[in-house]
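Got a structure for you, questions after.
Values in this document were obtained by computation on a predicted structure and should not be read as measured data. First the proteins, then the strands, lettered A, B, ... as listed; each starts at 1.
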Protein chains: 2
Amino acid sequence: MESTSARTDICASAPRAHPRPAGQDRYTISEVAAFTGLTAHTLRWYERIGLMPHVDRSHTGQRRFTNRDLDWLAFVSKLRLTGMPVADMVRYAELLREGDHTFEERQQLLEATRRDVRNRIAELQGTLAVLDFKIDFYAGARRTPERGLTT
Amino acid sequence: MESTSARTDICASAPRAHPRPAGQDRYTISEVAAFTGLTAHTLRWYERIGLMPHVDRSHTGQRRFTNRDLDWLAFVSKLRLTGMPVADMVRYAELLREGDHTFEERQQLLEATRRDVRNRIAELQGTLAVLDFKIDFYAGARRTPERGLTT
DNA sequence: TAGAACCTTGGAGTGCACTCCAAGCAAGCG
DNA sequence: CGCTTGCTTGGAGTGCACTCCAAGGTTCTA
């Protein structure tokens, strides 16, 4: 669990996941919920805990998200898939808000995350091997039915 | 998110993860905790919720785990890594207890799990691509420092 | 201008997977 | 035998990541 030089030639363009209407830059919370797959509740919660880099408001106080916010949310959603704790993502968001002098720490955080993701992939491939082994056994036992496997 | 014919040529032997002393077949709960990395609390909890296929007891009622139990726990630990809900693992354990006529359902459950794991790996590889992209950006910006990336 | 559908807030509730506790019995050693 | 360490139970507590609620203000469509 350390090797696996996972190739990443798919989708190596700029991180823009969910389709969104062109020429618009102010979205209500429910529009953003539709684009990202997150609920409005979750979006408000993200803002509360400091995971959103301060969202714009209309003159009456309603949230108006921008394309930049959508980019950020797409990135956060990717990180979420890795099982990265929300607290760590908040940390990264804080570093961004603090400006240029956190550059190096951000880079290190990203690199640590990448190591975690690679390890995670290696683990999953190990599990896949076990599943393949067991499924092969089931397929074999189907042809010569005799005993029912103990795990 | 559906492709990725993940190769699984590593560790494709019989599923036996943690080293254990030869010629022994009765382990106390703390020994099992040491071998598996699970806590004694968790092992008791697994039994309570029906995830252990009925553990043997000493004449005074203390648990005595067997090598077969260790095999099962190794398998469960693998499944746990995939993020499979405990309830689903309990379901599989129930099917095992119910005997031969659940053979097909068990096979299907394993195959569904394998699909999930493959999808998970594909997702992670997508995330890895995003991380690589961003880390490359950071490395480039280090050589020509000018602006600090917005996500 | 009415009504429906949407948005706001703080705080409380949910589900999962553990994790711990207290009180008491069991096992092994000098 | 006494002592320490380990094991037993049901039930309560924890941490995470949401998820929902009530009461009220806003925006859109007819």
Both A:S58 and B:A40 contact DNA chain D. Which one's nearest nucleotide lies toward the 5' end? B:A40

Please report the distance, rounded to the nearest Å, between CE in A:M89 and C1' in D:dC16. 11 Å

Rounded to the nearest Å, what distance is computed from the CE atom of residue B:M52 to the P atom of nucleotide C:dC18? 14 Å

Starting from P on D:dG15, measure out to CG on A:D88 and report it in whole angstrom. 17 Å

Indicate, with a heavy-atom threshold strictly under 4.0 Å, whether A:R48 touches base, sugar-phosphate, or nothing. base

Taking CD1 from B:I49 and C1' from D:dG10, how many angstroms apart are they, rounded to a whole number? 16 Å

Taking CG from A:L43 and C1' from C:dC6, how many angstroms apart are they, rounded to a whole number? 15 Å

Side chain of B:E31, backbone of B:T28: donor and acceptor closer than 3.5 Å? yes

Look at A:E47 together with A:R44 and state whether they make a salt bridge at an N to O cut-off of under 4.0 Å. no

Closest-nucleotide mapping onto DNA chain C: is B:R80 or B:Q62 further toward the 5' terminus? I mean the 5' end. B:R80

Against the side chain of B:W45, the closest entry in D:dT26, C:dA17, D:dA17 is C:dA17

Could you check A:W72 against A:L96 for side-chain contact (heavy atoms from CB on, under 4.5 Å), going step by step and ending with a plain yes or no? CA-CA 11 Å; A:W72 170 248; A:L96 268 179; 3.7 Å; yes

Please tell me if B:Y46 has a side-chain N or O lying less than 4.0 Å from either OP1 or OP2 of C:dC18. yes

Are B:T42 and C:dA17 close enough that a side-chain N or O sits under 4.0 Å from OP1 or OP2? no

DNA chain D: 5'-proximal contact among A:T39 and A:T60 (nearest heavy atom): A:T39

Let me know the distance between CZ of B:R57 and P of C:dA27, rounded to the nearest Å. 13 Å

Between C1' on C:dC21 and CZ on B:R44, what's the gap in Å once rounded to a whole number? 12 Å

Between A:T82 and B:L128, is there a side-chain heavy-atom distance shorter than 4.5 Å? no

With DNA chain C as reference, determine whether B:H41 or B:M84 sits nearer its 5' end, using the nearest nucleotide of each. B:M84

For B:R63, which contact category applies under a 4.0 Å heavy-atom criterion: base, sugar-phosphate, or nothing? sugar-phosphate

Considering every strand and a 4.0 Å limit on heavy-atom distances, what is the contact class for B:R64: base, sugar-phosphate, or nothing? nothing

Using a strict 4.0 Å threshold on nitrogen-to-oxygen distance, state whether B:E123 and A:R120 make a salt bridge. no

To the nearest Å, give me how far apart CG (A:D56) and P (C:dC7) are. 16 Å

